[in-house]
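Input: a single structure, listed below in structure tokens.
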Amino acid sequence: MKRFVYINDDSCRYSYRDNRISNTKHTLWNFLPKNLSEQFRRFMNQYFLLIACLQLWSRITPVSPATTWGPLIIMFIVSASKEAWDDYNRYLSDKKANERKIWLVKDGIHRQIKAQEIHVGDVVWLHENDEIPCDLVLIGTSDPQGICYVETAALDGETDLKTRIIPPISANLSVEQLGKVKGVVECPNPDNDIRRFDANMRLFLPIIDNEKCPLTINNTLLQSCYLRYTECACGVAVYTGNETKSGMSRGAAEPKLTAADAIIDKLTIAIFMFQIVIVLVLGYFGNAWKYTQGLKQWYLMYPVEGESPWYDFSIIPLRFELLCSIMIPISIKVTLDLAKGVYAKFIDWDEQMFDWETNTPAHSANTAISEDLGQVEYILSDKTGTLTENKMILKQCCISDTLYGNDNGDALNDVRLVNAISSNDPDVIKFLLVMALCNTVVPIRSNGDTVSYKAQSQDEVALVNAAGNLNMMLISKDSSTAEICFNGSKFLYELLDILEFTSDRKKMSIVVKEGQTGKILLLSKGADEALLPHAYPGQQIQRYLEAVEMYSQLGLRTLCLGWRDLKESEYKEWSKNFQEASCSLDNREFKMSEVCHSLERDLHILGVTAIEDRLQDGVPETIKLLRNAGINVWMLTGDKQNTAVQIGLLCNLITSEPNSQLLSISGKTEEDILRSLERALLIMKNTSETKDLAFILDGWALEIILKHSKESFTRLAMLSKTAICCRMTPLQKAQLVAILKSAGYLTLAIGDGGNDVRMIQEANIGVGISGREGLQAARAADYSIGKFKFLKRLILIHGRYSYNRTAFISQYSFYKSLLLCFIQILFAFLSGLSGTSLFNSISLMAYNVFYTSLPVMTIIFDKDISETTVMQYPQILLHSQAGRHWSFSSLQYVPTQMRKVRCRNSQW
């Protein structure tokens, strides 16, 4: 389905919703029924409502109905008040956003309106540092080249600036024309894909020819982003209100049920079944005593036989049902919610998890699953930015079969490379030119004429900085030109087309035109498997393959660079096809990929870059400690296999022979891959547990395995404590998490970038690192930390304490309720099984409301085992992992032999 947006045309003004945003879950009219419906989804609440209703029947109730109605109403009021308060805060936030002032241009007249009054088709005018109120198609900026910069951190978590450009069709419009422009934007119906916008735009006469112009995400300004380093910009509203890409991306996350919650629910059902049996037995004997002895006792005032109602046989069993209802604690849910909120605050307040380098505290975004941290069985971790620092530095390179930096580990200070640049070696110069130009880097010039760079990828920044250190400096860049300064001379290049990087193509290219000679060049960079097969016939690439292999074994990230001349006729023909593919609204991405492949051929391979990304501080010690605690750790990365293996060795994920064995699942054909899988599975089954086994596979192998032999791979995953999965796409990372979850394991996924979000959301527990790739992973996660090393404290300290405290509260609540219920049952035998209550109504009500909650804070602040002991003997964590399936034994609080150990000096 398509949407046609007519610019500055009132005829479509009210065809779509206005720009009023609403993130509240309820309204004044539906709050009460909706909240009650949500609360009564739980079996426990349904049960107590039934008990409360039965107590309204005066003939059967042995106590006042207030003993259940009072606590039940209090619990509902507490839960509803919390939900109402949260919703009210969301309402205030929405109101603030809806009522902020925005400039609108209509028929050349500028006027201020509230953001909520914007409609589709309106032309919105923005100034520097303004928050973008809705999704706009950019049609004008104050920059002569038609570009502007936006900060998208609030949308995707990426902190680097993005460049946005106006479509060519509106490039020559004056400020006066922008206020009166007429036209139509043909775009898809609203969706939540923030990285894609396949649309077309036409402007009507007399301003410009009626020509169709393709639009991409680079021509848009999305809601919640900020305009930076641009004096002003204007755009046409295409999506408004909750129909923006940001609004469509919002949504209530599905509540996660912890292992402890699942056990409590099962225990509740089991106790209910036991309660029914007790009630039936006591009711049977109560009726038997009544008809044999009770009717003879005048003081019991039973109805005369023959005058009793037909349901008389059910009165005594129902009385016992009401008396035994205290067997299930009514306040346990509110008590646990209170305790879990305190657990989350402990994480937020933990100074030992504060990253002083980036000024980032640990944060718990999900207060309901803290105890699951102490039950984690599998950790699936990203590599770049999670295990490593994501501070990229060019260390070595290979140009024209010559290795630079292999002697001293620093190519930038290699005398041979410096001499080659001084002598104007053509291949070296071209190599540096590709490093400086083939990227999405944005140069930012400060007041002191110092140039800094912003980019979506740290690899690109590393390459541009390295080129600048070697005298090939990118000094300015806009949508159509780039200026390079080499050895004091400036060179201008016209940017004709950018063939963007995608995870499928694994490469990017740029078509440029030299300002002095008029030559058209294609500059390309990408992964070795994406670029080297497209070398021109006859070029020897064996040396580059060997260099890639050598750099990978050193744990360095590799990229191949290439170029070729383009004839003007060839470029014009290709540009026409590229334009047609860009204008397509159906399968645009596939069509553009095919057109790009047709140009990226017969490349002259210039060389290979090797970039170092060092391990974060404390990573090896953390992984070793977690593995000693019985937790299995997997590494999922998009890097090459050899690079991943070297990082695995450095961070103690795997060890060298003969203590361990790394089983490779690979092959040239599907049959080879499936045979290697079966061979790895057989070795895993027949090897003793003393030997540390791990397997390694890449994305292509995983795709084949999931298609043909998913069951065998699941069995292998269950046997393997360690795995290295390389060349993984974001979808494949999430699929691996889903496989382990389907096998019944409790998984934790940790990452730092937008490509880790799917994995983090799929896992039982998601942990995001606030890193250099932005905050997108941290925003999507249940917990966020500043460094990977804090994970050991999050799991071994907070996870263990939270689980033990929840277990103790649950045990206390159930045991106390069962004890009092059995006292009531014993009293029944002393009262003729008549269903008389031992306790008065006031005592029961006080017990239901307060008796469970009073000891909670004492339990929360109790420290059963010192943090030092847990860190030194992480095997203690295995105690609480021994029986996760439902039983009373699975809710163990503390090993008896450890009760003497206390934490006296730890601060919270």
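With a 4.5 Å cut-off on side-chain heavy atoms, N419 and V415 count as touching. The shortest distance between side-chain heavy atoms of L566 and L521 does not fall below 4.5 Å. A 4.5 Å side-chain heavy-atom check between V633 and L653 finds at least one atom pair inside the cut-off. Residues T609 and T558 are not in side-chain contact: their nearest non-hydrogen atoms beyond the backbone lie 4.5 Å or more apart. Put simply, the side chain of I147 reaches to within 4.5 Å of the side chain of Y149, judged on heavy atoms. At least one side-chain heavy atom of L791 sits less than 4.5 Å from a side-chain heavy atom of I750. Side-chain contact check for L748 versus L380: every heavy-atom pair is 4.5 Å or farther apart. By the 4.5 Å heavy-atom criterion applied to side chains, Q396 and V608 are not counted as neighbours.
For E500 and R505, the salt-bridge test fails: no basic side-chain N is under 4.0 Å from an acidic carboxylate O. The pair D617-K787 fails the salt-bridge criterion, with no side-chain N (NZ, NE, NH1 or NH2) lying under 4.0 Å from an Asp/Glu carboxylate O. We find that E514 and K519 are not joined by a salt bridge, their nearest charged nitrogen and carboxylate oxygen being 4.0 Å or further apart. K513 has no carboxylate O lying under 4.0 Å from a charged side-chain N of D565, or vice versa, which leaves the two without a salt bridge. Salt bridge status for E621 with K789: absent, with no side-chain N to carboxylate O gap under 4.0 Å.
In this structure, the side chain of D414 engages the main chain of G405 through a donor-acceptor pair within 3.5 Å. In terms of modelled atom types and a separation under 3.5 Å, the side chain of Y544 and the main chain of D528 share no donor-acceptor contact. Checking side-chain atoms of E762 against main-chain N and O of Q735 turns up no donor-acceptor pair under 3.5 Å. The main-chain N or O of L474 is found under 3.5 Å from a side-chain atom of Y453 such that the two form a donor-acceptor pair. Remark: the backbone N or O of P620 is paired with a side-chain donor or acceptor of N652 at under 3.5 angstrom. Put simply, the side chain of D425 never gets that close to the backbone of I421: no donor and acceptor are under 3.5 Å apart. In terms of modelled atom types and a separation under 3.5 Å, the side chain of R564 and the main chain of L599 share a donor-acceptor contact. For the pair T386 (side chain) and K383 (backbone), a donor-acceptor distance under 3.5 Å is absent. Here the side chain of S720 pairs no donor or acceptor atom with the backbone of A717 at under 3.5 angstrom. In this structure, Y404 contributes its side chain and D410 its backbone to no donor-acceptor pair below 3.5 Å.
Here the closest non-hydrogen pair linking A701 and I665 is CB-O, 3.8 Å. Here the closest heavy-atom approach between residue A629 and residue L796 is recorded as CB-CD2, 4.0 Å. In terms of heavy-atom proximity, I724 sits nearest to V645 at CD1-CA, 4.2 Å. The two residues C560 and L531 have their closest heavy-atom pair at O-CD2, 3.0 Å. Across all their heavy atoms, A362 and I785 have their closest contact at CB-CG2, 4.2 Å. A pairwise comparison of heavy atoms in G751 and I760 identifies N-CD1, 4.0 Å as the closest pair.
In this structure, CD on Q732 lies 5.0 Å from CG on L702, to the nearest 0.5 angstrom. To the nearest 0.5 Å, the span separating CE on M728 from CG on L736 amounts to 6.0 Å. The distance from the CG atom of L417 to the CZ atom of F431 is 8.5 Å, given to the nearest 0.5 Å. From L532, atom CG reaches atom CD of Q539 across 8.5 Å, with rounding to the nearest 0.5 Å. Here the OG atom belonging to S422 is positioned 7.5 Å from the CG atom belonging to N471, to the nearest 0.5 angstrom. Separating the CD atom in E151 from the OH atom in Y229 is a distance of 9.0 Å, to the nearest 0.5 Å.
Across T440, N439, T163, a single residue satisfies side-chain hydrogen bond (donor to acceptor under 3.5 Å, both in side chains) together with K477, and that is N439.
M508 CE: more than 12 foreign heavy atoms inside a 6.0 Å radius. Residue-environment remark: CZ (R601) exceeds the threshold of 12 foreign heavy atoms within 6.0 Å. A 6.0 Å sphere centred on CZ of F486 holds more than 12 heavy atoms belonging to other residues, nucleotides or ligands.
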Discussion item. If you apply the rule side-chain contact (heavy atoms from CB on, under 4.5 Å), what do you find for E612 with L554, and how did you get there?
Written reply: CA-CA 9 Å; E612 180 189 51; L554 295 174; over 6 Å; no
Discussion item. S400 vs T402, test: side-chain hydrogen bond (donor to acceptor under 3.5 Å, both in side chains). Steps then yes/no.
Written reply: CA-CA 5 Å; S400 299; T402 303; over 6 Å; no
Item to complete: List the steps, then state whether side-chain contact (heavy atoms from CB on, under 4.5 Å) holds for M592 with V595.
Response: CA-CA 5 Å; M592 290 185 66; V595 173; 5.6 Å; no
Practice prompt. Determine, step by step, whether I611 and L463 satisfy the side-chain contact (heavy atoms from CB on, under 4.5 Å) criterion, reporting the C-alpha distance in whole Å, the side-chain angles of both residues, the deciding distance to 0.1 Å, and the verdict.
Written response: CA-CA 8 Å; I611 298 173; L463 292 178; 3.9 Å; yes
Practice prompt. Determine, step by step, whether R627 and T722 satisfy the side-chain hydrogen bond (donor to acceptor under 3.5 Å, both in side chains) criterion, reporting the C-alpha distance in whole Å, the side-chain angles of both residues, the deciding distance to 0.1 Å, and the verdict.
Written response: CA-CA 9 Å; R627 295 187 66 196; T722 306; 3.2 Å; yes
Worksheet entry | Pair Q516-F491, side-chain contact (heavy atoms from CB on, under 4.5 Å): steps then yes or no | CA-CA 8 Å; Q516 293 180 334; F491 301 89; 3.7 Å; yes
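A distance below 6.0 Å separates the ring centres of H604 and Y536.
Using cut-offs of 30° and 60° on the angle between ring planes, the pair W634 and F695 is perpendicular.
Side-chain contact of T360 with D355: a donor-acceptor pair under 3.5 Å is absent, judged by distance alone. Side-chain contact of S509 with E600: a donor-acceptor pair under 3.5 Å is present, judged by distance alone. Defined by atom type and a distance below 3.5 Å, a donor-acceptor pair is missing between the side-chain atoms of R557 and S552.
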